[in-house]
**Q** 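Dumping the structure here so I can ask a few things about it.
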Amino acid sequence: MSRQSNRTTDSKKMNAELFTLTYGALVTQLCKDYENGEEANKQLDKMGYNIGVRLIEDFLARPSVGRCQDFRETADVIAKVAFKMYLGITPSVTNWSPAGDEFSLILESNPLVDFVELPDNHTSLVYSNLLCGVLRGALEMVQMAVDVKFSQDTLRGDNVTEIRMKFIKRMEENLPAGDE
């Protein structure tokens, strides 16, 4: 019985490492394709957005996920359910703005940055920018426009990785004519 448990743990660890290395190869190719780190950041955000648009369907299909009533509840579900489900980590939700429309996700560990050192010639590269796009894309599909960006990153020498999210507006659901 414990032998099977060890295999499952080893398999999960190997899958996580394979994902990390594959993501690293993707970012490396983007750095080669785009000499400018800002352009690579845009591409990572765009890819993440497209992933988020599709990933939200899988996420909402889970029976444990219900409709969030406000932005605070949305923040908790993102941190405690979504990050745990897809990345195996649980960031803390902190630094709420007084208006309650902006918060930070603090990642004690970022699985995307294992084995990574930023190249000297790409100082403006935001290595994990894909995550910002995923969050933005997923939330747009549930009619929430948000601004998402990294404000701190351990790859840049900061103590933690911090993703800052700001609620912009609730989007109107566009129904085709006659479907009202």
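These numbers come from the heavy atoms of this one structure, side chains and all, not from hydrogens, waters or symmetry mates.
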**Q** As an exercise, state the distance from CZ of R170 to CD of Q143, rounded to the nearest 0.5 Å.
**A** 7.5 Å
**Q** Does a side-chain heavy-atom distance below 4.5 Å link F83 with T90?
**A** no
**Q** Where the side chain of T154 meets the backbone of T161, is there a donor-acceptor pair that is under 3.5 Å apart?
**A** no
**Q** Which heavy-atom pair separates Y34 from A40 by the least distance, and what is that distance?
**A** CB-N, 4.1 Å
**Q** If you define the side chain from C-beta out and look only at heavy atoms, does anything of V126 sit under 4.5 Å from L44?
**A** no
**Q** Could you walk me through whether I163 and L107 pass the side chain to side chain contact (heavy atoms under 4.5 Å, CB included) test, one step at a time?
**A** CA-CA 8 Å; I163 300 173; L107 286 69; 4.0 Å; yes
**Q** Can you tell me how far apart CG (D70) and CG (D76) are? Round to the nearest 0.5 Å.
**A** 9.0 Å
**Q** Nearest 0.5 Å, what's the CG-CG distance between N50 and L130?
**A** 10.0 Å
**Q** Go through it in stages, so that I can follow the logic: the residues are S128 and V27, the test is side chain to side chain contact (heavy atoms under 4.5 Å, CB included), and I'd like the CA-CA distance, side-chain angles, deciding distance and then a yes or no.
**A** CA-CA 9 Å; S128 300; V27 175; over 6 Å; no
**Q** Identify the heavy atoms of G24 and Y127 that sit nearest to each other, and give their distance.
**A** CA-OH, 3.0 Å
**Q** For the residue pair S124 and N41, what are the closest heavy atoms and their distance?
**A** O-ND2, 2.8 Å
**Q** With a 6.0 Å cut-off on ring centres, are F71 and F103 close enough?
**A** yes
**Q** Would you say N110 and L155 make side-chain contact, with heavy atoms under 4.5 Å?
**A** no
**Q** Using modelled atom types and a 3.5 Å cut-off, is there a donor and acceptor pairing between side-chain atoms of D147 and backbone atoms of K166?
**A** no
**Q** Using the rule that Ile, Leu, Val, Met, Phe, Trp and Tyr join whenever any side-chain heavy atoms are under 4.5 Å apart, tell me whether Y86 and I106 fall into a single cluster.
**A** no
**Q** If hydrophobic clusters are built by linking Ile, Leu, Val, Met, Phe, Trp and Tyr wherever their side-chain heavy atoms come under 4.5 Å apart, do I168 and M171 end up in the same one?
**A** no
**Q** What's the shortest heavy-atom distance between R67 and Q69, and which atoms?
**A** O-NE2, 3.5 Å
**Q** OG of S97 to CD of E102: how many Å apart, nearest 0.5 Å?
**A** 5.5 Å
**Q** Can you tell me how far apart OG1 (T28) and OH (Y23) are? Round to the nearest 0.5 Å.
**A** 10.5 Å
**Q** Is there a path of hydrophobic side-chain contacts, each under 4.5 Å between heavy atoms, that joins I89 and F59?
**A** yes
**Q** State plainly whether one hydrophobic cluster holds both V160 and L87, where clusters connect Ile, Leu, Val, Met, Phe, Trp and Tyr through side-chain heavy atoms under 4.5 angstrom apart.
**A** no
**Q** Contact between M165 and I78 at the side-chain level, heavy atoms closer than 4.5 Å - yes or no?
**A** yes
**Q** Out of curiosity, M47 CE to K42 NZ, how far, rounded to the nearest 0.5 Å?
**A** 14.5 Å
**Q** Can you check whether L60 reaches M141 side chain to side chain, under 4.5 Å on heavy atoms?
**A** no
**Q** Please name all residues satisfying side-chain hydrogen bond (donor to acceptor under 3.5 Å, both in side chains) with D153, sequence neighbours left out, ordered by chain then number.
**A** none
**Q** Are side-chain heavy atoms of L112 and T20 found at a separation under 4.5 Å?
**A** no
**Q** Any non-hydrogen side-chain atom of N95 less than 4.5 Å from a side-chain atom of R164?
**A** yes
**Q** Go through the steps for R54 and D58 under the test salt bridge (Lys or Arg N to Asp or Glu O under 4.0 Å), then give the verdict.
**A** CA-CA 7 Å; R54 288 164 181 79; D58 174 64; over 6 Å; no
**Q** Determine, step by step, whether D45 and R136 satisfy the side chain to side chain contact (heavy atoms under 4.5 Å, CB included) criterion, reporting the C-alpha distance in whole Å, the side-chain angles of both residues, the deciding distance to 0.1 Å, and the verdict.
**A** CA-CA 9 Å; D45 183 74; R136 194 171 51 81; 2.5 Å; yes
**Q** Side chains of V148 and L139: closer than 4.5 Å at any heavy-atom pair?
**A** no
